[in-house]
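All values derive from a computational prediction rather than experimental measurement.
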Amino acid sequence: MTQRTQKQYNGFLFVLEGIDGSGKTSACKELEKKLESVGYDVTYLREPTTESPWGKEMRERSPRGELTPEEELELFIKDREWHVVNRIRPALEDGRVVLLDRYFFATGAYQSTVMNLHWKEILRRNREDISAPEPDIIFILDVPAEMGLARATGRTGIANLQFERLDRLIKVRQAYLDIAMNDTGNFKIIDAKNPLDQVVDEIYDIITDTIIMSE
Ligand code: TMP
């Protein structure tokens with residue numbers, strides 16, 4: 001299902017989402033190089049940010065287990081509001097191709113698995129309360145949770161995997177797929193079990209087709 005609201009800017013917003021270890025950050029870096037090499041003005045951004053006070057607090061305190069799920073949700077949304085106002089909107093208004101490594105779909109997928117809150121309500125808050133712009137396309141880099149965790153931790157043996165984290169990633173993956181099937185955004189599910197260059201080529205072709213078709 002696709003919901004295209006009238007765009008209020010000249011740029012393009014392409015979002016890469018996926019569970020930990022899905023390869024989205026590596027894919028973004030390669031896409032940035034490839035798109036720049038053919039002349040596009042690309043801005044790579046990621047969330048949580050490393051710039052706003054809320055992004056910094058999140059990156060520092062969350063790994064130490066110091067935040068409740070409710071506090072995390074508030075920090076992700078405050079950080080995103082800062083990001084939209086100070087980085088995302090200015091780049092889009094400047095006509096740039098924005099590659100965004102995680103966005104409010106991550107909040108929907110991750111935070112809904114640890115709170116009694118449906119992803120629909122989380123997405124609604126991002127769209128209505130902070131007016132987060134709608135992406136042109138959201139790519140969901142889909143991998144099985146075992147593969148994501150193995151890649152993220154650099155280990156291959158299932159015996160070494162952290163089962164609590166695995167259980168969470170299974171739920172997050174399911175939530176992403178549920179969002180892609182039932183939300184109004186323009187989603188493309190990418191099989192990220194494939195080698196990185198194949199994943200990058202597939203996304204690159206879709207991005208360049210989208211830009212060319214809108215001209
Ligand atoms: P990263 O691995 O892409 O740097 O993201 C850091 C972690 O933050 C990752 O485990 C996913 C999590 N996260 C959320 O739980 N909610 C969010 O809204 C975002 C942006 C990230």
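In the hydrophobic clustering (ILVMFWY side chains linked at under 4.5 Å, chained through shared members), L75 is joined by W54, M58, L67, F76, W82. Other residues sharing the hydrophobic cluster of L73, ordered by chain and number and joined by side-chain separations under 4.5 Å: I77, V114, M115, L117, I122, I130.
Under the 4.5 Å side-chain heavy-atom criterion for ILVMFWY residues, a single connected hydrophobic cluster contains both Y176 and V143. Hydrophobic clustering of Ile, Leu, Val, Met, Phe, Trp and Tyr side chains at less than 4.5 Å, counting indirect connections, unites I170 with I179. Linking Ile, Leu, Val, Met, Phe, Trp and Tyr whenever their side-chain heavy atoms come within less than 4.5 Å leaves I206 and I140 in two separate clusters. Residues I212 and Y204 fall within the same hydrophobic cluster, defined by Ile, Leu, Val, Met, Phe, Trp and Tyr side chains chained together at heavy-atom separations under 4.5 Å. No continuous path of hydrophobic side-chain contacts links F139 to M181 [ILVMFWY only; heavy atoms under 4.5 Å].
Between the CD atom in Q198 and the CD1 atom in I203 there is a gap of 11.5 Å [rounded to 0.5 Å]. Here CG of D101 is found 3.5 Å from OG1 of T25. Values are rounded to the nearest 0.5 Å. Considering OG of S62 and CD of E72, their distance stands at 4.0 Å, rounded to 0.5 Å. Annotation: the span from E134 atom CD to K7 atom NZ amounts to 11.5 Å, rounded to 0.5 Å. Here the CE-CG distance, from M147 to L169, works out to 13.5 Å after rounding to the nearest 0.5 Å. Note that CZ of R89 is 6.5 Å distant from OG of S131, once rounded to the nearest 0.5 Å.
Using a distance-only test at 3.5 Å, with no hydrogens or angles considered, a donor-acceptor pair links the side chain of E71 to the main chain of T68. The backbone N or O of L13 sits less than 3.5 Å from a side-chain atom of D136, completing a donor-acceptor pair. Remark: side-chain polar atoms of R173 are not paired, donor with acceptor, to backbone N or O of I19 under 3.5 angstrom.
T49 and R87 form no side-chain donor-acceptor contact under 3.5 Å, judged by distance and modelled atom types alone. In this model, a donor atom of one side chain and an acceptor atom of the other lie less than 3.5 Å apart for T113 and R168.
When every heavy atom of R165 is checked against every heavy atom of A152, the shortest pair comes out as NH2-CB, 4.2 Å.
Shown are D142, I138, L141; of these, the side-chain contact (heavy atoms from CB on, under 4.5 Å) with I189 is made only by D142. None of R80, R102, K24 except one satisfies the salt bridge (Lys or Arg N to Asp or Glu O under 4.0 Å) rule with E47; the exception is R80. Screening S22, C28, P135 for a side-chain contact (heavy atoms from CB on, under 4.5 Å) with L16, the sole residue that qualifies is C28.
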Working note: E51 + N86, criterion side chain to side chain contact (heavy atoms under 4.5 Å, CB included); need CA distance, chi angles, decisive distance, verdict.
CA-CA 10 Å; E51 292 182 277; N86 293 285; over 6 Å; no
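By the 4.0 Å N-to-carboxylate-O rule, E74 lies close enough to R125 to be salt-bridged with it.
By the salt bridge (Lys or Arg N to Asp or Glu O under 4.0 Å) test, E121 pairs with R124, sequence neighbours left out. Applying the side chain to side chain contact (heavy atoms under 4.5 Å, CB included) criterion to S26, with sequence neighbours excluded, gives L196.
Evaluation of the ring pair (Phe, Tyr, Trp, His ring centres under 6.0 Å) test over residues 102-128, restricted to residues two or more places apart or in two chains, returns F105-F187.
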Kindly list each side-chain donor-acceptor pair under 3.5 angstrom involving residues 31-42, sequence neighbours excluded, with atom names and distances?
residue: K33; atom: NZ; partner: E30; partner atom: OE2; Å: 3.2
residue: K34; atom: NZ; partner: D201; partner atom: OD1; Å: 3.1
residue: S37; atom: OG; partner: K34; partner atom: O; Å: 2.8

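For the pair Q111 and P69, the minimum side-chain heavy-atom distance is 4.5 Å or more. Side-chain contact between K78 and S52: absent, with no pair of heavy atoms (C-beta onward) separated by less than 4.5 Å.
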